[in-house]
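Reckoned from all heavy atoms, side chains included, excluding hydrogens, waters and symmetry mates. In listed order, ligands and their atoms are each counted from 1.
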Amino acid sequence: MSDQVLAEIKNLHTYFYLAEGVVRAVDGVDLTIKAGRTLGIVGESGCGKSITALSLMQLVPSPGKIEEGEITYYQTIHQTESASTSNVIEITKLKPNSREMRAIRGNQISMVFQEPMAAMLPVRTVGAQIMEAIMLHQQVNKVEARERAIDILARAKLPNADRIVDTYPFQLSGGMRQRALSCNPDILIADEPTTALDVTTEAQILDLMRELQREYNMAIMYITHNLGVIAEMAQEVAVMYMGKVVEQTDVASIFRNPLHPYTQALLRSIPQLDDVMARAGQKKRLETIKGMVPDPYSVLPGCSFHPRCPQFMEGVCNEVEPAVIEVEPGHIVRCHLYASRSTKARAN
Ligand code: SF4
């Protein structure tokens, strides 16, 4: 499997300045996105997953602002079928509406939302939007680009691809728009992409994403609160809480050896089939995470999870912010419980 890095996010801080106070939506995030791999970003609503993705695309809504940090995109330009060059682009230095940023957005870094209509331009045909992406990546003329667009739509299992190429996004169903959208970027950001779909369409979309990933070596950043989908889709997982990555490792380790009390609580809240059967008999409820996510304006001293943590240590967790600790190679956690097991600790 490829280890080619396509994007690096370093020490990203994205804040919202509101009359009520400052919301630190993303508060020091580091992530690496690799070709041919899926990075799952997990957490409850408001933990900063979507704002991290929107920052990567320079689409942070007002009054939000990237306050600090770097986002580097290693762009590949295909000159012929076999030759390519690469270009290092500092995304945080580009203006959100610049020509360069608009060219990257939607072509090389695309985003599929819960409501895919929002991600496609309603006034241009599906084909025109895919052809633009192809012509930016590959040295082909309009006729060849159109043929490739039809081919991509057919591979995405859209019936009558030669007709769909000339339709407008509003003429397609939700599932069809999802398929048309996942066409061929370097990095596909999928933000809860299947929440509004039925289970059969969901399974088809997940299959399609995997197929396109295999074929085009596409990187996927998959944002969800659903750990079940993460188990199916991702190789790497980052768990976010209140704007920070609190644990990150490979997908097998997150399920086999979750370290952060928040990750452990998220895992306990997933229904297992035998559990569901037992609970149905005994009328038991599924375990939920104690308490609520604190209000977004608050800056808690110490660990931001401490008011909800079952392993809270008075005088430590509520006073000292935990550093990032690499407990074993490739497995990092922000929690005082592992201070003595640290191979490396990093200040925030
Ligand atoms: Fe819980 Fe303390 Fe670890 Fe935070 S640092 S997750 S409060 S044990």
**Student:** Could you check whether Tyr241 and Glu247, counting side-chain N and O atoms only, form a donor-acceptor pair closer than 3.5 Å?
**Tutor:**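 There is no such pair between these side chains.
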
**Student:** List-wise, which protein N, O or S atoms are found short of 2.8 Å from atom 3 (Fe) of ligand 1?
**Tutor:**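 Less than 2.8 Å away from atom 3 (Fe) of ligand 1 sit Cys335 SG.
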
**Student:** Let me check something: do Leu300 and Val29 share a hydrophobic cluster, defined by ILVMFWY side-chain heavy atoms less than 4.5 Å apart, either directly or through other members?
**Tutor:**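 As far as the 4.5 Å side-chain criterion goes, Val29 and Leu300 are not connected within one cluster.
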
**Student:** When you measure from the side chain of Thr224 to the backbone N and O of Asn226, does any donor-acceptor pair fall under 3.5 Å?
**Tutor:**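 Yes; at least one donor-acceptor contact below 3.5 Å.
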
**Student:** Check Lys10 with Asp30, please: is the shortest side-chain N to carboxylate O separation under 4.0 Å?
**Tutor:**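 No.
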
**Student:** Thinking salt bridges, do Glu232 and Arg210 make one under a 4.0 Å N-O criterion?
**Tutor:**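 Arg210 and Glu232: salt-bridged.
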
**Student:** Does the distance from a Lys or Arg side-chain N to an Asp or Glu carboxylate O, for Asp166 and Arg146, drop under 4.0 Å?
**Tutor:**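 Answer for the salt bridge query: yes.
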
